[in-house]
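Report on the following structure.
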Amino acid sequence: MAPAYPERFYAAAAYVGFGGSTVSSARAISRFQNDVALLLYALYQQATIGPCTVPEPSAWNPAEHSKWTSWHGLGKMAFAEAMRLFVKILEEEDPAWYSKAPEYIVEPTTGMEMHKPKLCLTTPNGNSSPKPNTISTEIGDMSETQDKDITMEGLGSVTMYDQWVAPPLSGQRPKPRYQHGSALLQEKMYIFGGNYNGRYLNDLQVLDLKTLTWSKVVAKSTSDSGESTVSMPVAPCSGHSLITWRSRILSVAGHTKNPSATVTVKEFDPQTCMWSNIETQGKAPVSRGGQSATLVGTRLVMFGGENAKRSLLNDLHILDLETMTWNEVDYIGTPPSPRSDHAAACHAERYLLIFGGASHAMCFNDLHVLDLKSMEWSRPKQHGVTPASRAGHAGVTVGENWFIVGGGNNKSGVSETLLLNMSTFTWSVVTTVQGRVPLASEGLSLVFASFTGEDVIISFGGYNGHYSNEVYVLKQSCKSNAQTRIVDGPDSITTSRAVEPEIETAQEGKVREIMMDNVDPLPANVRNVETSEKLVSALKVGNEELRATITREQFEMVHLKQELADAESRNANLTKELQSVRGQLAAEQSRCFKLEVDVAELRQKLQTMDTLQKELELLQRQKAAAEQAALNAERRQGSRGVWGWLAGTPPDKSDS
Ligand SMILES: *[C@@H]1O[C@H](CO)[C@@H](O)[C@H](O)[C@H]1NC(C)=O
Ligand SMILES: *[C@@H]1O[C@H](CO)[C@@H](O)[C@H](O)[C@H]1NC(C)=O
Ligand SMILES: *[C@@H]1O[C@H](CO)[C@@H](O)[C@H](O)[C@H]1NC(C)=O
């Protein structure tokens with residue numbers, strides 16, 4: 001689970017029965033085992049309130065006390081981590097919760113339709129002009145304009161540069177997902193695995209970039225078990241690295257349901273459609289997901305990630321792909337702090353760059369360089385815009401340019417497509433997407449393809465509260481074009497800023513529309529002064545109407561805000577109600593607990609009585625035996641010889 005997005009947490013909390021949702025509390029937390037429920041409660045408190053500072057309740061209230069203990073036990077755990085754990089635990093308990101409960105998903109009030117990204121798209125036939133104000137073309141009617149010719153043209157139909165475009169695709173779309181792997185091989189983009197609704201996937205999907213057609217690969221998998229080779233499905237995974245190596249695709253590391261001790265390397269051969277496990281030499285690193293694996297010549301450099309015990313790593317391992325031998329490498333300097341979901345790139349076959357990623361508590365925007373010759377880590381001096389912190393972003397290198405797309409932080413998805421000139425460490429913004437499109441999400445993948453003289457970056461999937469299975473392409477222009485888009489100043493890149501242009505553009509669009517409405521009805525051939533005056537006054541009227549419209553819209557906005565406030569207040573009331581119900585429930589639980597204690601005490605007493613009874617019986621038996629013995633002794637004394645003879649015992653020697 002990636003660190004960012006609070007949305008999923010709130011959806012999960014609503015599903016469980018916490019938070020301001022209208023979910024009936026019957027569905028709520030009681031469904032879970034008591035210890036899970038307590039942990040979910042504690043994590044919810046930690047994520048929404050913070051560390052427990054309330055005084056310890058009296059032990060007479062065991063329900064409240066165990067809740068307090070559970071919460072208090074989380075110590076200073078960060079909000080983000082608590083959110084993450086909450087979702088993770090829910091997903092373990094109830095893997096399909098997300099699809100089971102769409103009504104619980106609280107959409108942020110953007111009014112934006114997820115599957116209809118508003119901006120940054122163009123129609124596939126390219127008859128929209130490349131002026132900035134036309135980029136608001138909706139994708140809605142795309143299916144109508146899609147015909148065979150366009151599809152056959154493939155990426156040729158994309159005529160815009162340095163803008164993300166959703167090209168028309170055919171074939172069966174893969175399942176939405178994130179934290180999958182993607183790799184380019186022979187003008188095909190392969191997608192493997194990933195995570196959908198907290199479940200790991202193991203399907204292999206191919207997008208033919210020439211025909212823009214999706215298809216699913218029915219891949220066989222073999223596993224050597226001694227002499228015989230058995231066919232079995234390849235293990236579902238997410239957060240792995242997919243790398244094209246010669247004519248094959250390697251899948252390295254990744255989270256799996258039953259993690260192995262060390263990192264596994266699998267290989268897919270498109271010739272035979274077979275997955276096979278590769279036996280590696282050397283000391284394989286501990287298994288993990290969310291690492292980076294960067295191809296440098298014939299070596300794969302793996303950095304960081306998160307192991308199966310949720311520890312974050314910052315170790316460095318190199319897999320020699322010729323010999324399939326792992327080497328742990330020593331370095332000098334300070335490596336990046338332990339992290340996962342960062343991005344890595346190789347520059348000039350010599351430098352490994354690491355950017356961003358996340359710990360359990362926070363997202364990073366730091367840039368580190370490892371010189372693979374001297375094996376020294378350093379922090380380069382950077383220029384240009386300051387990139388926002390992020391994790392789960394994707395990167396792809398094109399020459400000395402490193403493109404970085406998406407990712408998320410504790411605020412939202414990151415909407416900028418960044419470019420780092422790796423020679424000069426200069427950051428710039430290539431383009432900014434608007435709204436909650438899959439490009440501004442985490443766990444998306446990128447590949448770079450260059451054919452018929454065009455450089456194209458292709459993105460797939462991602463998660464921003466919703467799972468995506470969409471494909472976007474960005475045709476890269478020459479560098480001069482990219483540089484004209486450089487935005488200076490650190491502020492220009494923050495996400496809060498990025499939202500503004502959308503509103504402005506929308507208003508501008510409205511203004512233009514209204515103007516056109518007022519101008520159009522007038523005859524085109526008016527020449528005389530009279531009509532000219534009419535025109536002027538019409539325009540004035542138009543202006544007034546425009547102003548009125550704006551005012552109306554402002555009113556509407558205020559109204560909407562009021563409605564929102566009301567809804568929030570209702571929400572708060574419901575939360576209160578829920579809390580009171582929960583309080584009652586806790587009281588009942590407490591009563592129940594007390595009764596249990598009483599019963600236990602009684603049982604204890606009963607047991608004690610039982611024991612006493614037994615002891616008494618024993619004593620009585622002992623007493624009886626003693627009495628009998630005394631009696632016997634008496635009798636023996638009285639008639640020794642006869643009794644001894646009768647019993648067949650030899651006469652007592654001491655007496656003879
Ligand atoms: C997000 O994280 C940054 C540091 O990473 C922190 O300064 C900021 O307060 C956080 N914001 C929220 C809303 O948690
Ligand atoms: C990177 O910056 C250097 C120096 O400004 C420039 O010469 C080079 O062309 C840039 N590289 C790219 C790919 O834009
Ligand atoms: C919420 O409760 C308060 C008092 O408890 C009440 O005044 C207010 O009207 C309620 N709001 C709604 C929306 O029900």
Side-chain angles (χ1 to χ4, degrees), residues 120 130 132 155 158-165 182-184 189 209 243-244 292 294-297 301 336 342-356 365-374 376-388 390 393-407 414-433 439 444-459 472-493 498:
C120 87
L155 294 170
V158 177
T159 55
M160 285 245 246
Y161 287 88
D162 298 327
Q163 297 286 327
W164 287 103
V165 171
S182 76
L184 184 81
M189 178 172 76
L209 297 180
I243 295 111
T244 306
S292 62
T294 315
L295 192 62
V296 183
V301 184
H342 50 282
C346 170
H347 175 48
E349 295 266 300
R350 173 166 176 185
Y351 300 100
L352 178 76
L353 281 72
I354 304 281
F355 169 66
N365 70 342
D366 49 353
L367 179 68
H368 300 256
V369 178
L370 174 71
D371 182 341
L372 291 163
K373 276 229 171 82
S374 63
E376 178 168 14
W377 285 104
S378 60
R379 300 281 306 269
K381 186 165 162 35
Q382 299 160 64
H383 311 278
V385 301
T386 306
R390 70 197 71 200
H393 45 299
V396 76
T397 53
V398 183
E400 59 188 9
N401 282 336
W402 188 14
F403 287 86
I404 288 173
V405 182
V414 179
S415 51
E416 292 87 11
T417 296
L418 284 180
L419 180 83
L420 178 70
N421 179 328
M422 293 189 285
S423 307
T424 59
F425 296 114
T426 306
W427 290 101
S428 55
V429 176
V430 179
T431 182
T432 302
V433 294
L439 289 160
L444 75 172
S445 67
L446 289 184
V447 297
F448 169 71
S450 179
F451 53 93
T452 60
E454 301 256 36
D455 289 349
V456 195
I457 298 171
I458 303 145
S459 89
Y472 292 88
V473 301
L474 180 138
K475 263 196 186 176
Q476 203 217 333
S477 66
C478 52
K479 58 184 185 254
S480 61
N481 206 336
Q483 272 171 353
T484 57
R485 291 171 195 280
I486 289 177
V487 185
D488 277 319
D491 274 350
S492 58
I493 199 163

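In what follows, every heavy atom counts, from backbone to side chain, and hydrogens, waters and symmetry copies are set aside. For reference, positions follow the sequence shown, starting with 1. Computed from a predicted model, the values in this text were never measured in an experiment. Just so you know, ligand 1 is whichever comes first in the structure, and atom 1 is the first atom listed for that ligand.
The ligand atoms of ligand 2 that sit less than 4.0 angstrom from a heavy atom of N401 are 12 (C), 13 (C), 14 (O). Every atom of ligand 2 with a heavy atom of E400 under 4.0 Å away is listed here by number and element: 1 (C), 8 (C), 9 (O), 10 (C), 11 (N), 12 (C), 13 (C).
Note: an N/O pair closer than 3.5 Å links N421 and ligand 2 by distance alone.
Rounding to the nearest 0.5 Å places CG of L419 at 10.0 Å from CD of E400.
Classification of the W427-F355 ring pair by plane angle, with boundaries at 30° and 60°, yields tilted.
Residues L474 and L439 are not in side-chain contact: their nearest non-hydrogen atoms beyond the backbone lie 4.5 Å or more apart.
The closest heavy-atom contact to atom 5 (O) of ligand 2, among the options L419, L420, T424, V398, comes from T424.
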### Message
Please evaluate residues V429 and L418 with respect to the criterion side chain to side chain contact (heavy atoms under 4.5 Å, CB included), reporting the C-alpha separation (whole Å), side-chain torsions for both, the decisive distance (0.1 Å), and the verdict.
### Response
CA-CA 5 Å; V429 176; L418 284 180; 4.0 Å; yes
